[in-house]
Protein chains: 2
Amino acid sequence: MAKDEADLHVERWRDHWVLDKGFDDDVEAMTVRIGNIFKWFKLTTKEAVARVGLQDFEYETLHALMIRDTPGRASPGELAQEMGVSNAGVTGRLDSMEKKGWLKRMPGAEDRRRVEVEATREGLRLWREAMDLRGSAEDDVVTVLSKEELATLNRLLKKMTLYVEARQASGD
Amino acid sequence: MAKDEADLHVERWRDHWVLDKGFDDDVEAMTVRIGNIFKWFKLTTKEAVARVGLQDFEYETLHALMIRDTPGRASPGELAQEMGVSNAGVTGRLDSMEKKGWLKRMPGAEDRRRVEVEATREGLRLWREAMDLRGSAEDDVVTVLSKEELATLNRLLKKMTLYVEARQASGD
DNA sequence: AGAAGGTTATTCGGCAGCGAAATATTCGTC
DNA sequence: GACGAATATTTCGCTGCCGAATAACCTTCT
């Protein structure tokens, strides 16, 4: 079977002077592969987002708004946490996106310190359009796997995510 | 088996109004899992990098310098391409890192438009230290998989990376 | 040889995001 | 019910990065 970048990477480093300690080939290769696949998804998403005329951070904000328990609505603070962006950063995003009419801010109902952010019809439309393009690109990659292989992949990945999520919940 | 975030995500969206088109549960879950694992690796790397007293972009630059065919040396343009950063951005990084003594710039030998960037002994030392911590965190996650499972995972991931790399090489 | 065109790195102006401080509102307690 | 602590958001100054323009250099063609 042909070599991929991860194979080349591992070969290049094995016994090379740059590293003073050894490393596990399989772990290193797996890490590189996960990274490369992720970056590919990120790139195709970027292209999809650009095609519908959104900036990256605008799509990300709409996306964060949609993947919530309460899709389409959130407070700035929640968005900040879920996007891994500072509160100040969210304020900036909301300012520009509200101006463009893709979401609107409303004063919190019972707690007036809060602000309710809601996607507009137009914001939702653009996000859906980008999601559709994005999904096609992902489906495309997955065609190289059989249904059983995809199931196996998910089973193994899930073992890892369960562990990671446990670590996040406790230690952090 | 317990549910992970990807399971919850898929359940939440199935037949929800936010999406107008359906999506493949397994593909969506796989994408989310890859993303979450990648982000975990990124986070642990960030912690490792912070512990040795490097900023993210400083580690990334040293790393780009080390994973090359010619480890420890490169031109700014090459680094820009490999890091996915603009040439201007690289100039800024090199300015500050050279000032701190982690790398040095030298005029290109036969082509004097070029600049040769070289990591210093101290830069190499810090990068190695961060790499060591980073590697431990990755090994840690992988302990949830048996040796055979890791091999299977790599086989499936490699199917995808080979496809992705072919796409990158041709279409882009 | 000399001009034209391409390549490589840097400078410049602008923007998104961060951390800290400021502001506005609510909660807790006496 | 009033005062201080807690919470939610925004404002402010700064940093890192990008795209475009610039400077220095190489190559090719005539």
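Order of the sequence lines fixes the chain letters, A, B, ..., with proteins taken first and strands second; residue numbering starts at 1 for each chain. These numbers come from a predicted model, not from an experiment.
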Salt-bridged, [X] to [Y], with N to O below 4.0 Å?
X        : Y        : answer
B:Glu98  : B:Lys104 : no
A:Arg114 : A:Glu116 : yes
A:Glu149 : B:Lys159 : yes
A:Arg68  : A:Glu82  : yes
B:Glu47  : B:Arg134 : no
B:Arg14  : B:Glu11  : no

Interatomic distance, [X] [atom1] vs [N] [atom2] [rounded to whole Å]:
X        : N      : atom1 : atom2 : result
A:Asp56  : D:dC18 : CG    : P     : 12 Å
B:Leu54  : D:dG16 : CG    : P     : 13 Å
B:Arg93  : C:dA9  : CZ    : P     : 16 Å
B:Glu78  : C:dT7  : CD    : C1'   : 13 Å
A:Asp95  : C:dA16 : CG    : C1'   : 12 Å
A:Glu116 : D:dT10 : CD    : C1'   : 17 Å
B:Lys99  : D:dT15 : NZ    : P     : 12 Å
A:Lys100 : C:dC15 : NZ    : P     : 12 Å

Give A:Ser75 one of three labels, base, sugar-phosphate or nothing, depending on what nucleic acid heavy atoms sit under 4.0 Å from its own.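 Sugar-phosphate: the residue A:Ser75, judged by heavy atoms under 4.0 Å, touches backbone atoms but no base.
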*asked:* Using a 4.0 Å heavy-atom cut-off, does B:Glu110 contact any base of the nucleic acid, only the sugar-phosphate backbone, or nothing at all?
replied: sugar-phosphate
d(B:Gln81 CD, B:Ser86 OG) to nearest 0.5 Å is 13.0 Å
Please report the interatomic distance CD1(B:Ile34) to CG(A:Leu153), rounded to the nearest 0.5 Å.
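Those atoms lie 6.0 Å apart.
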Against the side chain of A:Thr91, the closest entry in D:dT10, C:dT10, C:dG17 is D:dT10
request  = Determine: side-chain N/O of B:Gln55 to OP1/OP2 of D:dT15, distance under 4.0 Å, yes or no.
outcome  = no
5' to 3', nucleotides 18-25 of chain C under a 4.0 Å protein heavy-atom cut-off (B base, S sugar-phosphate only, - none) gives BBB----B
Assert: residue with more 5' nearest nucleotide on DNA chain D, out of A:Arg114 and A:Gly92, is A:Arg114
The bend of the helix from C:dA1-D:dT30 to C:dC30-D:dG1, taken between the axes of its five terminal pairs at each end and rounded to 10°, is 10°
Sorted by chain and number, sequence neighbours left out, ring pair (Phe, Tyr, Trp, His ring centres under 6.0 Å) with B:Phe38 holds for A:Phe38
